Student: 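Supplied in structure tokens, the structure appears directly below.
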Amino acid sequence: MDIEEEKIGEKPLNFLEKIIEDDLKNNRVPDNKIVTRFPPEPNGYLHIGHIKSICINFGLAQKYGGVCHLRLDDTNPTKEDVEYIDSIKEDIHWLGFDWGKEEYYASDYYQQLYEIAVQLIKDGKAYVDSLSPEQMREYRGTLTEKGKNSPDRDRSIEENLRLFQEMKEGKLKEGAYTLRAKIDMSSPNINMRDPALYRIKFASHPRTGDKWCIYPMYDYTHPISDAIEGITHSICTLEFEDHRPAYDWATAIDGIDHAPHQYEFSRLNINYMLMSKRRLLNLVNLELVTGWDDPRMPTVSGVRRRGYSPESMKDFVSRVGVAKTEGVVDYSLLEFCVREDLNKKATRIMAILDPIKIVIDNYPEDKIEYFAAVDNPEDPQSATHQMPFSREVYIEREDFMEVPPRKYHRLYPGNEIRLKYTYYITATSFEKDENGQVSVVHCTYDPESFGGDTPDKRKVRGTSHWVSVKHAVDAEVRLYDKLFISEYPGGETGNYIDDLNPESLIVVNHAMVEPYSSEAKVGDYLQFIRNGYFCCDNKDHSDKHPVFNRTVTLKDSWAKMKKKMGI
RNA sequence: UGGGAUAUAGUGUAAUGGUAACACUGUAGAUUCUGGUUCUGCCUUUGGGGGUUCGAAUCCCUCUAUCCCAGCCA
């Protein structure tokens, strides 16, 4: 294969890949081994936005034969919890990535970080400040005005050392003192106006317990953690661009001999979705959803419970690409990726969500026949399973109309359709209940059409899925839809709660499902033929009480046509 | 004149001085025992204005728009 040929069909490189290939080519990477890291703060559940970051960091390491560390950025014990650490690990594994032994915690570096801070003080590059939070804000200046030096800025090294020691020993009150870097209060970049390095917090840490009452800040901890771990490419989102000078400041501290570089990409936004931990937490706290793993949540645990496959999520992220432009990805791309993957994987099942009873008058009363149904028509090697058929079957209420509109080619009086895999039936009459709703449709079948085809090769326009009345399995089906009805939740009123979709969950208590569904278990991908993709709910599903979640609908061109025709 | 960043079809992403492209969406049709899938066609793109050049999405100047930053959060 020549070079030109090799390039055909190759994905173009994103800007991070270009940087890495350039670094590799110019021998700027120690041992030619790139090291990335995924550094979540364990203060919430991972969401789709994190999937992008995970795929970038683990993906880059994979592609270039490097490694990706998992580092829990646990420097704020008042917000963090082990519950989150566990879910984070589970989510990454679910996506199919593994950090192996490379599991780190920023808190593991507390001692080193402390020693470096002492050195900084000795070098006159950090000082203990007694400004209150309010004062500090005043001294910091504004976006357009320079800040001014704290009165404590020129405190003697001895005094600084003593006070920092007292901070560490818990002798000083929370909020009373901080350790600050001595950089430049007149910097146009606010992050460089003597950023706080340490604050006092009398909080017990999930991992270090009560050993420390001073905790290091992000701008100090993160770059040094990267340096300690030998990270080569430290990749984060755009909002940290302004912090890069602080990052470079920290990695340039005397004694730190490895200087990683920070690169920023734009975070993932999807319309009709919220992607901020704070707001997601709010939905959970207000009980507007059932929890972090509610299938309507954009969390990893939520989409997993919804039935999205890890492959589809990775494909989605890869189609979105990596760049520095901020944008909003269409929800439809997400759905496309999910459908495309599930179409290949899902076992086809017949399920009637809104049943209407069909009585085939000329079919023997007690007769039962079995027909082979293909598990997955996309797979030429697919197995089949048997479906029992009898005189009375359910079809979808939508599949019968007393007075059909134009282009409707399903069942209506006098029309012939096919019951998938079985026979052609023709509607002869129907009954209505006291509400005027059609309750039973009487049909005749053509015994010649056994198996779904006739010797005379006549065509029918419609094929319905069905479930034998006497064999139907009762199941709960949860029809999920978008959590928000507006493209930008809260965009109009400023309050995203106003844009919650009242129909984001519709529960069908008694769907009629074919018996084969009893074999479905949590983790299986199903397609309810002509209805959509479904999965077993990973919390509530059981043999006794089957619960199926709708992952995504099938594309529905008939619905589109109806809309166009104004029906 | 605070600082930092970004502008390519409706959306996302390519094209690094040589015919603006891919995917999604939308739309028209073919195929189909899922109105699914598959296949085919079509629509629509370089923020504005100058300049350099035989030639500009790409280089220069300028304007505009949008995003981020004033936590002892990350």
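Numbers restart at 1 for each chain; the letters A, B, ... are given by sequence-line order, proteins then strands. Atom set for the values below is all heavy atoms of this structure, side chains included, hydrogens, waters and symmetry mates excluded. Remember, predicted model here, so these are calculated numbers, not experimental data.
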Student: Taking the C1' atom of each, how far is B/G17 from B/C67, in whole Å?
Tutor: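 The answer is 30 Å between these two C1' atoms.
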Student: Between the base of B/G3 and the side chain of A/D242, is there any donor-acceptor pair under 3.5 Å?
Tutor: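 Indeed, a donor on one side and an acceptor on the other fall under 3.5 Å apart.
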Student: Consider the side chain of A/I190, meaning its heavy atoms from C-beta on, and name the nucleotide among B/C69, B/C72, B/A7 that approaches it most closely.
Tutor: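 Nucleotide nearest to A/I190's side chain: B/C69.
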Student: Using a 4.0 Å heavy-atom cut-off, does A/Y421 contact any base of the nucleic acid, only the sugar-phosphate backbone, or nothing at all?
Tutor: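 It contacts base atoms.
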Student: Just wondering, do A/W558 and B/G35 stack (centres under 5.5 Å, planes under 30°)?
Tutor: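 Yes, A/W558 stacks on the base of B/G35.
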Student: Strictly distance-based, threshold 3.5 Å: is any side-chain N or O of A/T237 a donor or acceptor partner for the main-chain N or O of A/R267?
Tutor: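 Not a single qualifying donor-acceptor pair exists.
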Student: On the side chain of A/R339, is there an atom forming a donor-acceptor pair with the base of B/U37 - under 3.5 Å, no angle test?
Tutor: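 Side chain to base: no pair below 3.5 Å.
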Student: Look through every strand shown and name the nucleotide pairing with B/A74 as Watson-Crick or G-U wobble, where both distances are under 3.5 Å.
Tutor: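 In the structure as shown, B/A74 has no Watson-Crick or wobble partner.
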Student: Name the residue closer to the 5' end of RNA chain B, choosing between A/L143 and A/H243 according to the nucleotide with the nearest heavy atom.
Tutor: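 Comparing both residues, the 5'-ward one is A/L143.
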Student: Who is the Watson-Crick or G-U wobble partner of B/G35, with both distances under 3.5 Å?
Tutor: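 No nucleotide pairs with B/G35.
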Student: Report yes if at least one side-chain N or O of A/K324 is closer than 4.0 Å to OP1 or OP2 of B/G12; otherwise report no.
Tutor: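 No, no such contact exists.
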Student: At 4.0 Å (heavy atoms only), tell me whether A/P12 reaches a base, stays on the sugar-phosphate, or touches nothing.
Tutor: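 A/P12: backbone/sugar contact only, no base atoms under 4.0 Å.
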Student: Starting from P on B/G26, measure out to NZ on A/K563 and report it in whole angstrom.
Tutor: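 Atom NZ in A/K563 sits about 11 Å away from atom P in B/G26.
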Student: Just wondering, do A/H222 and B/A74 stack (centres under 5.5 Å, planes under 30°)?
Tutor: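 Not stacked by the 5.5 Å and 30° rule.
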Student: Is it true that a side-chain atom of A/D74 and a backbone atom of A/A106 form a donor plus acceptor pair closer than 3.5 Å?
Tutor: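 Answer holds: yes.
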Student: Do any N or O atoms from the side chain of A/S312 and from the backbone of A/Y308 form a donor-acceptor pair under 3.5 angstrom?
Tutor: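 Not a single qualifying donor-acceptor pair exists.
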Student: Within 90° of 0 counts as syn, otherwise anti: where does B/G47 fall?
Tutor: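 It is anti.
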Student: Counting only side-chain heavy atoms from C-beta out, which of B/U11, B/A74, B/U37 sits nearest to A/T75?
Tutor: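 For the A/T75 side chain, the nearest candidate turns out to be B/A74.
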Student: Checking A/F389 against A/Y421 for the ring-ring contact (aromatic ring centres under 6.0 Å, His included) test, could you report, in this order, the C-alpha distance in whole Å, the side-chain angles of both residues, the deciding distance, and whether it holds?
Tutor: CA-CA 10 Å; A/F389 179 81; A/Y421 299 128; over 10 Å; no
Student: Within less than 4.0 Å of OP1 or OP2 of B/U38, is there a side-chain N or O belonging to A/K555?
Tutor: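 Checking A/K555 against B/U38: no side-chain N or O falls below 4.0 Å of OP1 or OP2.
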Student: Would you classify A/Q527 as touching base, sugar-phosphate or nothing, given that sugar-phosphate means primed atoms plus P, OP1 and OP2, and contacts are heavy atoms under 4.0 Å?
Tutor: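 Base, at least one base heavy atom under 4.0 Å.
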Student: Just name whichever nucleotide pairs with B/U6, Watson-Crick or G-U, keeping both distances under 3.5 Å, else none.
Tutor: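 Check on B/U6: paired to B/A65, both distances under 3.5 Å.
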Student: Check whether any side-chain N or O of A/K560 sits under 4.0 Å from OP1 or OP2 of B/U27, and answer yes or no.
Tutor: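 A/K560 to B/U27 OP1/OP2: side-chain N or O found under 4.0 Å.
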Student: Under a 3.5 Å limit for both distances, which nucleotide forms a Watson-Crick or G-U wobble pair with B/A23, could you say?
Tutor: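 Partner of B/A23: B/U11.
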Student: Taking atom P in both B/G12 and B/C68, what distance in whole Å separates the two?
Tutor: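 Going atom to atom, P in each nucleotide, I get 16 Å.
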Student: Does a nitrogen or oxygen in the side chain of A/T325 sit under 4.0 Å from OP1 or OP2 of B/U13?
Tutor: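 Affirmative; the distance criterion is met.
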Student: Can you see if the side chain of A/S266 gets near the phosphate of B/U6 - specifically, an N or O under 4.0 Å from OP1 or OP2?
Tutor: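 Checking B/U6 against A/S266, no side-chain N or O comes under 4.0 Å of OP1 or OP2.
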Student: Give A/G175 one of three labels, base, sugar-phosphate or nothing, depending on what nucleic acid heavy atoms sit under 4.0 Å from its own.
Tutor: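 Base: the residue A/G175, judged by heavy atoms under 4.0 Å, touches a nucleobase.
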Student: Counting any heavy atom closer than 4.0 Å, what does A/P377 reach on the DNA or RNA strands: base, sugar-phosphate only, or nothing?
Tutor: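 Here A/P377 touches the bases of the nucleic acid.
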Student: Does any N or O donor sit under 3.5 Å from an N or O acceptor when you compare the side chain of A/E378 with the base of B/G36?
Tutor: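 Present.
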Student: Quick check: on RNA chain B, is the nucleotide nearest A/R319 upstream (toward 5') of the one nearest A/R244, or the reverse? Name the residue that is more 5'.
Tutor: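 Final value for this comparison: A/R244.
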Student: In terms of side-chain heavy atoms of A/P188, which of B/G2, B/C73, B/G26 is nearest?
Tutor: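 Among the listed nucleotides, the one closest to the side chain of A/P188 is B/G2.
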Student: Could you check whether the side chain of A/R410 and the base of B/G35 have a donor-acceptor pair of N or O atoms closer than 3.5 Å, going by distance alone?
Tutor: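 Counting by modelled atom types and ignoring angles, a donor-acceptor contact under 3.5 Å is found here.
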Student: Students often get this wrong, so: under 4.0 angstrom with heavy atoms, is A/Y215 touching a base, only sugar-phosphate, or nothing?
Tutor: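 No contact.
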Student: When both hydrogen-bonding distances must be under 3.5 Å and the geometry is Watson-Crick or G-U wobble, what is B/C54 paired with, if anything?
Tutor: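 With both distances under 3.5 Å, B/C54 matches B/G18.
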Student: Looking at A/R267, I'd like to know whether one of its side-chain N or O atoms comes within less than 4.0 Å of OP1 or OP2 on B/C67.
Tutor: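 Answer no for this pair, as no side-chain N or O of A/R267 is under 4.0 Å from OP1 or OP2.
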Student: Return the value, rounded to whole Å, for the distance between atom OH of A/Y412 and atom P of B/G35.
Tutor: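 To the nearest whole Å, that distance equals 15 Å.
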Student: Heavy atoms only, 4.0 Å cut-off, all strands: where does A/R193 land among base, sugar-phosphate and nothing?
Tutor: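 No contact.
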Student: Keeping the roles fixed (side chain from A/N376, backbone from A/K344), state whether a donor-acceptor pair exists under 3.5 Å.
Tutor: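 Yes: the side chain of A/N376 pairs with the backbone of A/K344.
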Student: Give a yes/no answer on whether the side chain of A/R180 brings an N or O atom under 4.0 Å of OP1 or OP2 in B/C72.
Tutor: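 So the side chain of A/R180 is outside the cut-off, no N or O lying under 4.0 Å from OP1 or OP2 of B/C72.
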